[in-house]
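Notes for the one structure printed next.
The shown structure was predicted, so the numbers you read here are calculated from the model rather than taken from an experiment. Throughout, numbering of the chain's residues begins at 1 and tracks the sequence.
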Amino acid sequence: MAAFLYRMGRLAFRRRWTVALVWAAVLAAVGLAGMTAPEAEEEPFSMPGIESQEAFDLMEERFPGAAADGATARVVFVSPNGEKVTATENKEAVEAAIAELGDGTQVASTVDPYESGAVSEDGSTAYTTVTYKVDAAGLTDASRSHLEESLEHARDSGLTVEAGGDAMEDMGGPSGTAEAIGVSVAAVVLLITFGSLAAAGLPLLTALIGVGISLFAITAMAGPLGLADTTSTVAIMLGLAVGIDYALFIVSRYREERAKGRTAQEAVALATGTAGSAVVFAGLTVVIALVGLSVVGIPMLTEMGLGAAGAVVVGVLIALTLVPAFLGFWPNAILTRKDRKDRKARRAGATPRETRKVNGGARWASFVLRRPLPVLLAAVAGLGALALPMTDLQLGMPGDEAKSTETTQRRAYDALAEGFGPGFNGPLTVVVDAKDADDPKAAAETVSERIGGTEGVVSVSPAQFNESGDTAVFSVVPTTAPTGQETKDLVNTIRGDRPGIESEAGATFEVTGTTAMNIDVSEKVQSALVPYLLVVVGLAVILLLVVFRSILIPLKAAAGFLLSVLASLGAVVVVFQQGHGADLLGVETTGPIMSLMPIFLVGIVFGLAMDYEVFLVSRMREAYVHGERPAQAVTSGFRHSARVVVAAALIMIAVFSGFIGDSDAMIKMIGFGLASAVLLDAFVVRMAIVPAVLALLGERAWWLPKWLDRILPRVDVEGEALTRPADPEAEPAEKNLART
């Protein structure tokens, strides 16, 4: 592996113009394909294998066209000062507002609350549903503006008017603030790390090129494959993060080799052969984690994982080819001023400086090596304490109730809950399949009566039949909120009573609706988490076994990851579920953790954590293979890699932390979870637990049974096969470059 990458880096350096032009051509080609590709149609969320999805599919089959694709806005009217919305003046204001709402060019229909019975029992609240001819993505700016203006005009009458529904989503569109913050902080961190504008700019430039290629490729395939917007979002996030990190490690190793007095060409080849080997295997661990998301069986997660994995592959290829080519264009500009002075001194005949120095990484490693057991116990105890709240984890799919009270969607949610009861915002939908029943109407009525008599049910709507008269649908309003544990218990109770109800009715039924879908998704994700961990962690342990040729180091890496991810999930539970410190992050309502959050966090953080493990421990392995004692190897690894690993972690933390300022509670949750996971894994697990464990294990850390050593393929990540031959051609080439 190292020898192959050595030759690749050397070739990229020599053929830098060819390499640069090839990547420019690739970027232009996929850019053209992405810009000319037809716009992808937004596909509805689906989750095969759960009851609520099967019921929804049955509804689409038996009620063709009933599951309209048009966007909706639920507009809520609340009367002022204890008045009733049925009072003459208020009623006229409501009807005028509904008439204005219905004048929109894309509006399909509106509903009169006084005719449909959409008025609360106390007469304080009424609502109407505005249905559009197009979905939310197809709404024009004019339609959105008309909706907002109609709401403002209605408020002028003295009524409190709020609106929810998918027509209200993304009114302002994404601002890109999080990405801008991440790139800005990354630039500062790189500048501090390298002390050179050229060295700081090169990883950013190559990462942006990689992200551009990945984004255009996903855009081009979005239409034919039906990819969601989230696919490109996750690909951008991870492509940018790993693209910067991988280039960072190549450039750092290049500067290290140049500081030893090597020529530019030889330094590029060695950096690609050694650090490049670590990049390859780190990238493989990330790809394994992302592709492993397909194990869960959620199409959206599979698309996100594959799209992000593709972005990581592009990042690896760019780090191994385009970065060496760019180093060939600017071989000395990447160096610090001090290193450039040293090179001039060498050419003048001065003795090269000793490059082995004690830096912050080496001092920290020495500290841990002197006190490995206390450091290990303190780190494990701290992570364990943070992980304890995980035992109280409750999964769900927060909706408008999780939004800020500054949003009209949240205020509409609260108004409906107050006027019609908390369960009104999350009704259950029951689909009765009476195709084999002697009397379908009687069967549907029996099911409706039995479910309506269940404790926890407020009301049941009249059944609606399809044209064939063999399928009925009705709504069930619970007494509790959609995300409440009581509502989940109610769904389980109804399904548990199914055999008796179906036997009495002579027909079958299924429970669906947004609330039931969220409950089913949460349960499926929770049940898939352990198999996913086994698959991903198992494959990664095998990969690390090949890389480090050790039994204990891969197991230690997996255990450290589990500690960090459990601790970060515990921190998420503390803030977003239990509410401790929620005010500091602008979280106004606490509740269940988003269902996809744990598995999403595990997938991404596992890959990134293994990045740090490979980069840090590979330098220790390299030092050990070249004759250093285990303790010396740990110090050498930290001396060479700690600063760069810290820089890489800070960049990722900055990128993820930018999302904490978002107004959407789910985005806050994702940003906080990822940022805290990277923080804990990089600074506690990799910087404290790893050296402490290696210090305690000593020689045993690198032990591998002889029979296994013979079976495992040799990949030579340490560059042991590199002979470092003299390079008579490189020095003249370097001198010519220096003159230009």
Side-chain angles (χ1 to χ4, degrees), residues 176-194 200 203-204 207 211 233-234 236-249 252 282 286 289 308 311-312 315 360-361 364 379 382-383 386-387 560-561 563-572 574-576 581 584-587 597 600-616 641-662 667-690:
T177 303
E179 291 83 351
I181 292 173
V183 172
S184 300
V185 174
V188 173
V189 172
L190 288 169
L191 186 59
I192 294 173
T193 302
F194 287 130
L204 284 175
V211 167
T233 302
V234 175
I236 291 172
M237 182 189 301
L238 285 185
L240 186 63
V242 302
I244 293 174
D245 280 2
Y246 295 164
L248 173 68
F249 280 94
S252 177
V286 180
V312 172
W364 170 252
L383 292 176
L386 280 175
F561 157 73
L563 273 175
S564 61
V565 79
L566 289 176
S568 62
L569 281 173
V572 170
V574 167
V575 176
F576 291 89
L584 298 176
L585 299 181
V587 179
M597 175 67 184
F600 183 76
L601 184 73
V602 166
I604 293 180
V605 174
F606 179 79
L608 300 181
M610 293 303 103
D611 272 4
Y612 305 139
E613 178 75 12
V614 170
F615 287 130
L616 190 61
S641 298
R643 187 181 182 188
V644 185
V645 168
V646 168
L650 289 176
I651 289 169
M652 289 195 185
I653 292 170
V655 171
F656 298 142
S657 295
F659 292 94
I660 298 177
D662 198 283
I667 300 299
K668 284 180 182 288
M669 193 182 300
I670 291 172
F672 177 81
L674 291 175
S676 59
V678 172
L679 175 69
L680 294 172
D681 193 89
F683 292 99
V684 179
V685 175
R686 308 304 154 191
M687 292 293 165
I689 292 180
V690 167

Problem set entry | Straight-line distance of Leu191 CG to Leu204 CG, nearest 0.5 Å | 10.0 Å
Exercise. Is there side-chain contact between Leu383 and Ile689, with heavy atoms separated by less than 4.5 Å?
Worked result: yes
For this session: Write down the atom of Ala647, the atom of Leu248, and the distance for their closest heavy-atom approach.
Result: CB-CD2, 4.3 Å
Exercise. For Phe249, which residues count as a ring-ring contact (aromatic ring centres under 6.0 Å, His included) partner, sequence neighbours excluded?
Worked result: Phe615
Seminar exercise, completed: Contacts satisfying side-chain hydrogen bond (donor to acceptor under 3.5 Å, both in side chains) that involve residues 644-656 (not counting sequence neighbours) are none
Problem set entry | Smallest separation among heavy atoms of Asp245 and Ala648, with atom names | OD1-CB, 3.2 Å
Problem set entry | Set of residues satisfying side chain to side chain contact (heavy atoms under 4.5 Å, CB included) with respect to Ala207, sequence neighbours excluded | Leu240, Ile244
Exercise. Got a sec, which pairs hit side-chain hydrogen bond (donor to acceptor under 3.5 Å, both in side chains) with one end in residues 680-689, sequence neighbours left out?
Worked result: Ser564-Asp681, Glu613-Arg686, Asp681-Arg686
Exercise. For the residue pair Ala649 and Ala682, what are the closest heavy atoms and their distance?
Worked result: CB-CB, 3.4 Å
Problem set entry | Side chain proximity check, Ile653 to Phe683, heavy atoms < 4.5 angstrom | yes
Seminar exercise, completed: Contacts of Val572 meeting side chain to side chain contact (heavy atoms under 4.5 Å, CB included) (sequence neighbours excluded), chain-then-number -> Phe576, Ile593, Met597, Met669, Phe672
Seminar exercise, completed: Hits for side chain to side chain contact (heavy atoms under 4.5 Å, CB included) against Val565, two or more places apart or cross-chain, chain-then-number order -> Phe561, Ser568, Leu601, Val602
Problem set entry | Heavy-atom pair of closest approach, residues Ala379 and Ala688 | CB-CB, 4.5 Å
For this session: Check side chain to side chain contact (heavy atoms under 4.5 Å, CB included) between Ala289 and all other residues, then give those that pass, not counting sequence neighbours.
Result: Tyr532, Val536, Phe606
Problem set entry | Distance, nearest 0.5 Å, that separates CG of Leu679 from CG of Leu650 | 9.0 Å
